Amino acid sequence: MRKKIAAANWKMNLTLEQGEKLIQGILDADVKLEDDREVVVCTPFPYLMAAKEMLKDHAHFFTGAQNCASEKSGAYTGEVSAEMLQSVQTDFVIIGHSERRQYFNETNELLLKKTLLAMEYGLKVIFCCGEPLEIRKENKHEEYVQKQLVETVATLSADQIENIVIAYEPIWAIGTGHTATPQQAQEVHAFIRSHIAKRFGNDVASQMTILYGGSCKPDNAAELFACEDVDGALVGGASLKVNDFTAIIRELVNSKS
Ligand code: PGA
């Protein structure tokens with residue numbers, strides 16, 4: 001069964017109190033999620049335990065971190081390992097977000113190391129890819145995304161790839177209000193799925209959850225989720241407001257399987 005996911009990426013926003021209020025608001029909305037729909041809340045590290053405590057009795061609700069270390073353990077001041085995330089029952093981790101690639105110089109090689117460690121410790125990975133504006137203008141976005149995948153998740157084994165959710169996030173759409181059109185999203189999502197099919201076969205590809213990210217909001221979620229290969233969204237700005245994120249979850253619930 002291909003899962004549909006609404007994932008919140010809080011980035012470096014909210015205090016613990018604000019975050020708890022937000023989660024409580026989402027839970028209070030009491031949206032009914034069927035078996036193939038999930039909500040993942042990716043909080044800053046210090047809030048993961050509190051978020052888990054609030055979500056643990058709610059089926060279909062999961063926690064996620066926004067990053068993890070590329071080394072197992074040891075003298076890496078300031079880092080948080082995959083094992084630590086596992087020890088506080090974190091379910092998912094975002095790896096390869098464009099902000100990490102851009103501001104923290106994370107390369108495909110490093111992201112693969114993080115991905116392998118995350119899976120070793122039982123975490124599911126939301127692996128991000130997506131092109132900058134210049135590449136889109138040159139119409140080389142598919143090539144660009146393909147390289148990001150070939151050097152990372154496409155090197156995994158068939159068993160490992162089942163733990164991966166891919167998020168296509170065109171950089172020009174992140175935090176800019178310029179959402180990709182449903183056609184633009186669908187085109188790249190179909191391309192990603194066909195790439196996965198070539199590498200891992202049709203069964204794996206048809207099961208793979210591929211999220212869209214980049215200015216997803218209540219008023220464009222329905223048309224994005226209606227696209228055949230768009231299986232939900234990784235949501236930044238709109239995930240910080242109870243009403244907006246709840247509306248997006250509702251659109252996910254209403255979207256066809
Ligand atoms: P945005 O962020 O929804 O604010 O564009 C998405 C993301 O960066 O994951």
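The structure displayed is predicted, hence computed values, not measured ones. No hydrogens, no waters, no symmetry mates; every other heavy atom, side chains included, goes into these values.
Residues F92 and M119 fall into different hydrophobic clusters, defined by Ile, Leu, Val, Met, Phe, Trp and Tyr side chains chained together at heavy-atom separations under 4.5 Å. Each of V235 and I174 belongs to its own hydrophobic cluster when Ile, Leu, Val, Met, Phe, Trp and Tyr are linked at side-chain heavy-atom distances under 4.5 angstrom. F245 and I126 fall into different hydrophobic clusters, defined by Ile, Leu, Val, Met, Phe, Trp and Tyr side-chain heavy atoms under 4.5 Å apart, directly or through other members. Linking ILVMFWY side-chain heavy atoms closer than 4.5 Å, directly or via other members, places W172 and L211 in two distinct hydrophobic clusters. Y212 and F225 end up in the same hydrophobic cluster when Ile, Leu, Val, Met, Phe, Trp and Tyr side chains are linked at under 4.5 Å.
N67 and K114 share a donor-acceptor pair across their side chains, judged by distance under 3.5 Å alone. With hydrogens and angles left out, the side-chain atoms of D28 and Q24 include a donor and acceptor closer than 3.5 Å. One side chain, T179 or N220, offers a donor N or O that lies under 3.5 Å from an acceptor on the other.
Here the CG-CD1 distance, from L112 to I95, works out to 9.5 Å after rounding to the nearest 0.5 Å. The distance from the CG atom of L85 to the SG atom of C68 is 6.0 Å, given to the nearest 0.5 Å. Taking CG of N139 as the reference point, atom CD of E142 lies at 8.0 Å (rounded to 0.5 Å). Atoms NZ and CG, from K11 and N13 in turn, are 8.5 Å apart once rounded to the nearest 0.5 Å. How far CG of N9 is from CD of E99: 7.0 Å, rounded to the nearest 0.5 Å. To the nearest 0.5 Å, atom OG1 of residue T107 and atom CZ of residue R100 are 12.0 Å apart.
Shown here are the side-chain hydrogen bond (donor to acceptor under 3.5 Å, both in side chains) partners of E20, two or more places apart in sequence or in another chain: there are none. For K32, the salt bridge (charged side-chain N to carboxylate O under 4.0 Å, His left out) criterion is met by D30, not counting sequence neighbours. Partners of A205 under the side-chain contact (heavy atoms from CB on, under 4.5 Å) rule, at least two apart in sequence or in another chain, are R193, I196, A197. Taking the ring-ring contact (aromatic ring centres under 6.0 Å, His included) definition, one finds that Y168 meets it with H189, sequence neighbours left out. Here E143 pairs with nothing under the side-chain hydrogen bond (donor to acceptor under 3.5 Å, both in side chains) rule; sequence neighbours left out. Partners of K4 by side-chain contact (heavy atoms from CB on, under 4.5 Å), not counting sequence neighbours, listed by chain and number: R37, L252, S255. Among residues two or more places apart in sequence or in another chain, the side-chain contact (heavy atoms from CB on, under 4.5 Å) test is passed with S73 by none. Looking at residues two or more places apart in sequence or on another chain, you find a salt bridge (charged side-chain N to carboxylate O under 4.0 Å, His left out) between K56 and E53. Residues passing the side-chain hydrogen bond (donor to acceptor under 3.5 Å, both in side chains) test with Q66: none are found, sequence neighbours excluded. Take P182 and apply the side-chain contact (heavy atoms from CB on, under 4.5 Å) test, not counting sequence neighbours, and it matches E223, C227.
Checked by atom type and distance alone, the side chain of H141 never pairs as donor or acceptor with a backbone atom of E131 at under 3.5 Å. Of the possible polar contacts, one joining the Q207 side chain to the M1 backbone as a donor-acceptor pair under 3.5 Å is found. Under the 3.5 Å distance criterion, the side-chain polar atoms of Y47 are matched with a main-chain donor or acceptor of L14. With hydrogens and angles ignored, the 3.5 Å screen pairs a side-chain donor or acceptor of S239 with a backbone N or O of G236. With hydrogens and angles ignored, the 3.5 Å screen pairs no side-chain donor or acceptor of S70 with any backbone N or O of L110. With hydrogens and angles ignored, the 3.5 Å screen pairs a side-chain donor or acceptor of T152 with a backbone N or O of Q148.
Under the 4.5 Å side-chain criterion, counting only non-hydrogen atoms from C-beta, I171 is not in contact with L133. Between M208 and F200, every side-chain heavy-atom pair lies at or beyond the 4.5 Å cut-off. Between V40 and T63, the closest side-chain pair of non-hydrogen atoms is not below 4.5 Å. Side-chain contact between H60 and L55 is absent, with no heavy-atom pair separated by less than 4.5 Å. For the pair H195/L149, a side-chain contact is recorded, criterion being any heavy-atom separation below 4.5 Å from C-beta on. The shortest side-chain heavy-atom distance between F127 and T115 falls under the 4.5 Å cut-off.
The aromatic rings of F61 and H58 sit perpendicular, their planes meeting at an angle over 60°, well past the 30° parallel limit.
Heavy-atom minimum distance, A222 versus E251: CB-OE1, 3.4 Å. The minimum heavy-atom distance linking A51 with I23 is given by the pair CB-CD1, 3.7 Å. The minimum heavy-atom distance linking R101 with C129 is given by the pair NH2-CA, 4.4 Å. The shortest heavy-atom contact between P218 and I248 is N-CG1, 3.9 Å. The shortest non-hydrogen separation linking A185 to A180 is N-CB, 4.4 Å. Of all heavy-atom pairs between C216 and A233, the closest is SG-CB, 3.7 Å.
Using a 4.0 Å cut-off between charged nitrogen and carboxylate oxygen, K3 and D35 do not count as a salt-bridge pair. Ionic pairing of K140 and E134 is not present here: no N-O contact between side-chain nitrogen and carboxylate oxygen is shorter than 4.0 angstrom. R2 and D231 are joined by a salt bridge, as a carboxylate oxygen and a charged side-chain nitrogen come within less than 4.0 angstrom of each other.
A side-chain contact (heavy atoms from CB on, under 4.5 Å) with I161 holds for exactly one of L156, T155, I166; it is L156. Put simply, the residue from E83, E120, E79 that forms a salt bridge (Lys or Arg N to Asp or Glu O under 4.0 Å) with K72 is E120.
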What do the steps show when you test K21 against E17 for salt bridge (charged side-chain N to carboxylate O under 4.0 Å, His left out), and what is the final call? CA-CA 6 Å; K21 245 176 120 175; E17 197 185 336; over 6 Å; no

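Taking a 4.5 Å side-chain heavy-atom cut-off between Ile, Leu, Val, Met, Phe, Trp and Tyr, the cluster of Y144 extends to I135.
Screening residues 96-119 for ring-ring contact (aromatic ring centres under 6.0 Å, His included) gives no qualifying pairs among residues at least two apart or on separate chains.
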